[in-house]
Peer 1: 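Before anything else, here's the structure in question.
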Protein chains: 2
Amino acid sequence: MLSNTEENYLKALLYLTADETGKKEAGTNDLAVHLGLKPATVNDMLKRLKEKAYVSYKKYGKISLTRTGREIAVFVMRKHRLWETFLCEVLEFSWDEVHEVAEQLEHIQSDKLTERLDRFLNYPDYDPHGDPIPKPNGRMPPRATTLLSSVALYQSCTVAAVKDTSPVFLQYLEQLSIGIGTKIKVLEKISFDSSMILQVGKGRITVSEKFANSLLVDGQ
Amino acid sequence: MLSNTEENYLKALLYLTADETGKKEAGTNDLAVHLGLKPATVNDMLKRLKEKAYVSYKKYGKISLTRTGREIAVFVMRKHRLWETFLCEVLEFSWDEVHEVAEQLEHIQSDKLTERLDRFLNYPDYDPHGDPIPKPNGRMPPRATTLLSSVALYQSCTVAAVKDTSPVFLQYLEQLSIGIGTKIKVLEKISFDSSMILQVGKGRITVSEKFANSLLVDGQ
DNA sequence: AAATAAAGTTAGACTAACCTAACTTTATTA
DNA sequence: TAATAAAGTTAGGTTAGTCTAACTTTATTT
């Protein structure tokens with residue numbers, strides 16, 4: 001049985017290496033930054049995780065998860081996202097509050113609890129941020145890949161997920177009445193700064209490039 | 001913020017000192033036995049807890065919780081019993097399975113979570129074993145105090161709580177179709193071994209003295 | 001390609017939470 | 001009440017997980 005700390009290292013490694021931004025490997029430093037620890041600390045832990053065959057790397061080389069390591073990390077992610085869903089949908093937390101609590105709940109060790117929670121939530125495919133919830137076998141529902149910023153002029157789309165889950169962004173979305181499933185039409189693209197004018201419901205709003213790069217949408 | 005371990009010491013102390021069996025103080029050894037640790041280990045921790053003013057004792061003397069220490073322990077108990085209720089009533093765990101998982105869940109730090117869970121469960125007064133759930137202010141609903149063994153001949157009563165929460169006893173109760181709220185009538189008391197013959201629903205069963213001392217009931 | 005910067009590793013130290021072994025104090029009992 | 005047993009404490013050791021400071025290796029840049 002892994003400690004919470006070990007699980008967090010594997011989760012961080014999954015995040016860093018399964019990053020859709022391309023890179024499939026992570027270094028000691030990346031991990032240290034992501035976990036808020038010192039490289040020396042991470043180095044120590046990596047030795048132990050390598051010993052236990054959860055990660056694989058050569059000295060001074062890049063780190064990757066082994067099959068077992070990845071399975072564990074995916075399972076922790078599954079629990080995290082199920083709990084986030086529970087907190088939002090059942091206990092009516094707002095979506096900017098759930099992450100911190102789910103960070104704790106994801107480490108509860110009880111397969112029965114996880115599966116019953118999944119059943120109670122009616123086997124959801126996506127969490128409140130639109131992130132896919134891994135199934136018990138480790139498979140993931142497809143993830144939306146289209147950025148709002150890449151939607152063509154006059155096209156309509158539906159918000160599928162948020163790329164940025166920081167409370168400040170989520171609260172801003174709330175304020176704009178934008179959530180998962182919200183329909184958006186691109187009315188104008190300002191070439192000067194790549195900002196966009198959008199139709200949301202009956203209103204129109206202007207959003208920055210950064211904003212448009214933080215929302216994932218489904219076509220039409 | 002206390003560690004899980006520290007919370008467990010306070011909880012154990014609450015259990016040992018708030019024991020309705022009379023004694024209001026506990027010793028290093030009692031704690032060690034209850035927690036499955038060595039007296040030396042407990043001694044170390046007690047020094048820290050005293051330092052932090054959660055417990056009070058003099059060298060070689062008995063240990064008791066301070067006001068703050070008791071408040072924390074009661075709050076952990078509140079969370080434990082709310083989670084047990086959630087697991088049984090919402091996720092359909094059986095009452096012999098909930099304890100182990102609740103031992104983990106009770107340490108989740110989020111007041112909002114606790115209060116929302118309470119609300120979702122409709123502010124229950126008792127957990128699945130009939131134990132009172134402390135309110136946010138620390139007050140407890142009244143606890144049943146009458147043992148089945150002390151019920152007079154030909155009297156009826158209602159099961160209010162179990163004194164023994166071991167899976168083996170709980171499963172036996174299940175087998176006998178006895179749960180919280182079950183109505184029981186005392187048909188006969190065998191003076192030889194203090195066993196009792198009971199009416200439960202339409203059937204009659206014979207139970208041992210040990211059994212009759214493990215069930216708490218409400219009058220009539 | 002040599003100099004410099006960045007990334008990674010090692011050594012030594014600290015705290016929390018556990019242990020064993022030896023010792024001291026308090027309680028029990030012959 | 002003196003001997004013995006039980007309870008409690010101290011000293012010193014272990015592991016997990018963190019740190020700083022110094023060092024080595026790899027990557028970058030001129």
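Reminder, nothing fancy here: chain letters follow the sequence lines and each chain counts from 1.
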Peer 1: To the side chain of A/Ser3, which of D/dT9, D/dG17, D/dA7 is closest?
Peer 2: D/dG17
Peer 1: Apply the side-chain hydrogen bond (donor to acceptor under 3.5 Å, both in side chains) test between A/Asp131 and each candidate in A/Arg143, A/His80, A/Lys163; give the one that qualifies.
Peer 2: A/Arg143
Peer 1: Between C/dG8 atom P and A/Lys50 atom NZ, what is the distance in whole Å?
Peer 2: 14 Å
Peer 1: Within this structure, what is the CD-to-P distance between A/Glu6 and D/dT15, rounded to whole angstrom?
Peer 2: 15 Å
Peer 1: Would you mind reading off the distance between A/Leu46 atom CG and D/dT18 atom C1', rounded to a whole angstrom?
Peer 2: 14 Å
Peer 1: Got a donor-acceptor contact below 3.5 angstrom from the B/Lys189 side chain to the B/Val151 backbone?
Peer 2: yes
Peer 1: For the pair A/Arg67 and A/Glu71, find out whether any cationic side-chain nitrogen is under 4.0 Å from an anionic carboxylate oxygen.
Peer 2: yes
Peer 1: Look at A/Lys62 and C/dA7 and indicate whether a side-chain polar atom (N or O) is within less than 4.0 Å of OP1 or OP2.
Peer 2: no
Peer 1: Is the centre of the B/Phe211 ring less than 6.0 Å from the centre of the B/Tyr172 ring?
Peer 2: yes
Peer 1: Nearest-Å distance, CG (B/Leu31) to P (D/dA6)?
Peer 2: 20 Å
Peer 1: Please state how far atom CG in B/Leu49 lies from atom C1' in C/dA16, giving the value in whole angstrom units.
Peer 2: 12 Å
Peer 1: For A/Tyr9 and D/dT18, is the shortest distance between a side-chain N/O and OP1 or OP2 below 4.0 Å?
Peer 2: yes
Peer 1: Which residue, A/Arg78, A/Arg139, A/Lys135, A/Arg81, forms the salt bridge (Lys or Arg N to Asp or Glu O under 4.0 Å) with A/Asp125?
Peer 2: A/Lys135
Peer 1: Considering just the side-chain nitrogens and oxygens of A/Arg48, establish if one lies under 4.0 Å of OP1 or OP2 belonging to D/dT15.
Peer 2: no
Peer 1: May I have the distance from A/Asn43 (atom CG) to C/dG8 (atom P), rounded to whole angstrom?
Peer 2: 9 Å
Peer 1: Between atom NZ in A/Lys58 and atom P in C/dG8, what is the gap in whole Å?
Peer 2: 13 Å
Peer 1: Any donor and acceptor pair, going by atom type alone, linking the side chain of A/Thr17 with main-chain N or O of A/Glu25 inside 3.5 Å?
Peer 2: no
Peer 1: Quick one: what's the B/S/- string for nucleotides 19-29 of chain D, heavy-atom cutoff under 4.0 Å, read 5' to 3'?
Peer 2: BBB---SS---
Peer 1: Could you label the plane-to-plane angle of the B/His34 and B/Tyr15 rings as parallel, tilted or perpendicular, counting under 30° as parallel and over 60° as perpendicular?
Peer 2: parallel
Peer 1: Quick check on D/dG8: is either OP1 or OP2 less than 4.0 Å from any side-chain nitrogen or oxygen of B/Asn29?
Peer 2: yes
Peer 1: OP1 or OP2 of C/dA16 versus the side-chain N and O atoms of B/Thr5: is any pair under 4.0 Å?
Peer 2: no
Peer 1: What is the distance from NZ of A/Lys52 to C1' of D/dT15, rounded to the nearest Å?
Peer 2: 11 Å
